[in-house]
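Written out below as structure tokens is the structure these notes cover.
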Amino acid sequence: MTLDQLGWSDHFARLFEPSSAEGCTAARVAVVHRGQYTVFSAAGDHDVELSGRFLHQTQHAEELPVTGDWVVLRRGANLIDAVLPRRTRLLRRQPGAPVEAQAMAANIDVLFLVTGLDGDFNLRRLERYLVLANESGARPVIVLNKADLCANPPSLSSLGAPVLIVSATRGDNMDAFSNQMRAGETAAFIGSSGAGKSSLVNSLLGRAEQPTAAVRVHDSRGRHTTTNRELIALPDGWLVIDMPGIREVALWVEGDGFDRAFADVGDLALHCRFRDCTHNTEPGCAVRDSLDAERLHSFHKLRRELDHLHRQVDQRAAAEYKARNKRLHLEMRRRPKP
């Protein structure tokens, strides 16, 4: 494949110019295997590792290469020396401690939010995915899979994103995906285990390449058949990242992803009696009077979660600043006096 077929653009070419002058090679991360990376380049696919220089310069987990990244390979070696700045990035809060972001995928044009029209369907989960998608910079598209199991799919117009109603098993409406994509663009599928993401990829490929498994009967939960995020080239000329199922997404929001996911709340808030209305108990609240009660509850719940996250991030930043100052003072005290 050529670099253009892998999603290369003038934007990345400009970023790569200094490295190109040094004889380095550009490649795109296809799969990550615990410190080992399979990359695609104009020369084909091959396995590489991180250089010692790159590891020395890396301070946070989100800086490590992820599927979809464009990387700089050292001249004459299978070593990643740098990651080109990401055009878009899909982030979540890293499980456990410390409190920091974890990148799941990068340089995505469209993020397909997949849910099954069976026991997997969960509107509140879709709202969380929509926050992640809007924060990432990618364009969100909701995919209601397993249309063969539901005669009357729900209306999701309040979420403000395009909705595709498809069936991977029967092949219903699968051309709707390519209508959302252009050649050379990259999409990613995000959803819970059992939503049918790998089945959708197989249907788009026209062959059973990605492993799949039946869901549990009582709750439509799936098994984690996809274990790595993998970049796959499709016959229609675009690429897709098949991602492992996610049961619970811990949000990481630094921009306006939350506000965009709840744009209907913002529109209604313009008609509230008080400009600083919190949409709780204030009189004359247009949001509380007009919005669906469950969606309003979800709005408040996610808002509290993000407020808590921002407090934790601020506390971490304050602790790091204090630790840096302490180290600086100790170094100054150890210096010999002139």
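Just so it is clear, the values below take in all heavy atoms, side chains as well, and ignore hydrogens, waters and symmetry mates.
The shortest heavy-atom contact between Thr67 and Val31 is OG1-CA, 4.2 Å. Nearest heavy atom pair, residue Leu73 against residue Ala27, reads CD1-CB, 3.9 Å. Nearest heavy atom pair, residue Gly184 against residue Leu239, reads O-CD1, 4.0 Å. Between Arg139 and Pro162 the shortest heavy-atom distance is NH1-CG, 4.2 Å. The two residues Thr88 and Ala138 come nearest to each other via the heavy atoms CG2-N, 4.1 Å. Ala233 approaches Leu205 most closely through the heavy-atom pair O-CD2, 3.7 Å.
Under the 4.5 Å side-chain heavy-atom criterion for Ile, Leu, Val, Met, Phe, Trp and Tyr, Val66 and Val48 are members of distinct hydrophobic clusters. In this structure, Val163 is a member of the same hydrophobic cluster as Tyr129, with clusters built from ILVMFWY side-chain heavy atoms closer than 4.5 Å. Connection of Val83 to Ile241 is not established within any shared hydrophobic cluster, with ILVMFWY side chains joined at heavy-atom distances below 4.5 Å, either directly or through further cluster members. Taken together through direct or relayed side-chain contacts under 4.5 Å among Ile, Leu, Val, Met, Phe, Trp and Tyr, Tyr37 and Ile108 form parts of separate hydrophobic clusters. Follow the hydrophobic side-chain contacts under 4.5 Å out from Val39 and you never reach Leu6; the two are in separate clusters.
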Let's go through Val141 and Leu111 carefully: what are the C-alpha distance in whole Å and the side-chain angles of both, what is the deciding distance for side chain to side chain contact (heavy atoms under 4.5 Å, CB included) to 0.1 Å, and is it a yes or a no?
CA-CA 6 Å; Val141 175; Leu111 185 60; over 6 Å; no
Tell me, with the steps shown, if Leu64 and Leu50 meet side chain to side chain contact (heavy atoms under 4.5 Å, CB included).
CA-CA 9 Å; Leu64 294 171; Leu50 301 177; 3.9 Å; yes
Could you walk me through whether Phe54 and Val72 pass side chain to side chain contact (heavy atoms under 4.5 Å, CB included), step by step?
CA-CA 11 Å; Phe54 180 88; Val72 176; over 6 Å; no
Should Glu135 and Arg260 be marked as a salt bridge (Lys or Arg N to Asp or Glu O under 4.0 Å) after you check the CA-CA gap, both sets of side-chain angles, and the distance that decides it?
CA-CA 9 Å; Glu135 186 71 13; Arg260 291 170 60 196; over 6 Å; no
Walk me through it: do Lys197 and Asp242 pass the test side chain to side chain contact (heavy atoms under 4.5 Å, CB included)?
CA-CA 7 Å; Lys197 300 182 299 300; Asp242 188 15; 3.9 Å; yes
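In this structure, Val166 and Leu144 have side chains that are not in contact, with every pair of non-hydrogen atoms separated by 4.5 Å or more. For the pair Thr25 and Arg75, the minimum side-chain heavy-atom distance is 4.5 Å or more. Taking the side chain as every heavy atom from C-beta outward, Pro244 and Arg229 approach each other to under 4.5 Å. By the 4.5 Å heavy-atom criterion applied to side chains, Leu15 and Pro85 are counted as neighbours. No side-chain heavy atom of Phe40 sits less than 4.5 Å from a side-chain heavy atom of Val29. Residues Asn145 and Leu117 form no side-chain contact, since every pair of their non-hydrogen atoms from C-beta on lies 4.5 Å or further apart. Counting heavy atoms from C-beta outward, Leu309 and Leu251 have side chains that stay 4.5 Å or more apart. By the 4.5 Å heavy-atom criterion applied to side chains, Glu63 and Gln57 are not counted as neighbours.
There is a side-chain donor-acceptor pair under 3.5 Å between Ser298 and Glu127. Donor-acceptor pairing under 3.5 Å is recorded for the side chains of Thr186 and Arg28. Judged purely by distance below 3.5 Å, without hydrogens or angles, the side chains of Glu49 and Gln36 pair a donor atom with an acceptor atom. Side chain to side chain, Thr38 and Asp47 meet the donor-acceptor criterion of an N or O pair below 3.5 Å. Trp238 and Ser178 share a side-chain donor-acceptor pair at under 3.5 Å. Between the side chains of Asp264 and Ser158, no donor N or O sits under 3.5 Å from an acceptor N or O. Thr2 and Asp4 form no side-chain donor-acceptor contact under 3.5 Å, judged by distance and modelled atom types alone.
Between Asp109 and Arg87 there is a salt bridge, since at least one side-chain N of the basic residue sits less than 4.0 Å from a carboxylate O of the acidic one. Taking the charged nitrogens against the carboxylate oxygens, Glu100 and Arg93 have no contact shorter than 4.0 Å, which rules out a salt bridge. Ion pairing between a basic and an acidic side chain is recognised when a charged N comes within 4.0 Å of a carboxylate O; Arg128 and Glu305 show such pairing. Between Asp148 and Arg170 no salt bridge is recorded (no basic side-chain N to carboxylate O distance below 4.0 Å). By the 4.0 Å N-to-carboxylate-O rule, Asp69 lies close enough to Arg86 to be salt-bridged with it. Using a 4.0 Å cut-off between charged side-chain N and carboxylate O, Arg124 and Glu294 make a salt bridge. Between Arg182 and Glu185 there is a salt bridge, since at least one side-chain N of the basic residue sits less than 4.0 Å from a carboxylate O of the acidic one. Under the 4.0 Å criterion applied to side-chain N and carboxylate O atoms, Arg53 and Asp81 are assigned as salt-bridge partners.
A donor-acceptor contact shorter than 3.5 Å links the side chain of Asp292 to the backbone of Arg295. Judged by distance alone, with hydrogens and angles left aside, the side-chain atoms of Ser20 form no donor-acceptor pair with the main-chain N or O of Phe16 at under 3.5 Å. In this structure a side-chain-to-backbone donor-acceptor pair under 3.5 Å is present from His300 to His279. Of the possible polar contacts, none joining the Gln180 side chain to the Ala176 backbone as a donor-acceptor pair under 3.5 Å is found.
A cation-pi arrangement is present between Arg303 and Phe258, with the terminal nitrogen or guanidinium carbon under 6.0 Å from the aromatic centre and inside a 45° cone about the axis.
The aromatic ring centroids of Phe189 and Phe177 lie less than 6.0 Å from each other.
Summarising the local packing, NE2 of His33 is surrounded by more than 12 heavy atoms from other residues, nucleotides or ligands at distances under 6.0 Å. More than 12 heavy-atom neighbours from other residues, nucleotides or ligands sit within 6.0 angstrom of CG on Asp307.
Interatomic distance, CD1 of Ile190 versus CG of Leu113, reported as 7.0 Å (0.5 Å rounding). Between atom CZ of residue Arg304 and atom CG of residue Leu302 there is a gap of 9.0 Å, rounded to the nearest 0.5 Å. Considering CG of Asn122 and OG1 of Thr115, their distance stands at 7.0 Å, rounded to 0.5 Å. Rounding to the nearest 0.5 angstrom, the gap separating the CD1 atom in Ile80 from the SG atom in Cys24 is 12.5 Å. Annotation: the span from Lys146 atom NZ to Asp118 atom CG amounts to 4.0 Å, rounded to 0.5 Å. A distance of 9.5 Å separates CZ in Arg89 from CH2 in Trp252, rounded to the nearest 0.5 Å.
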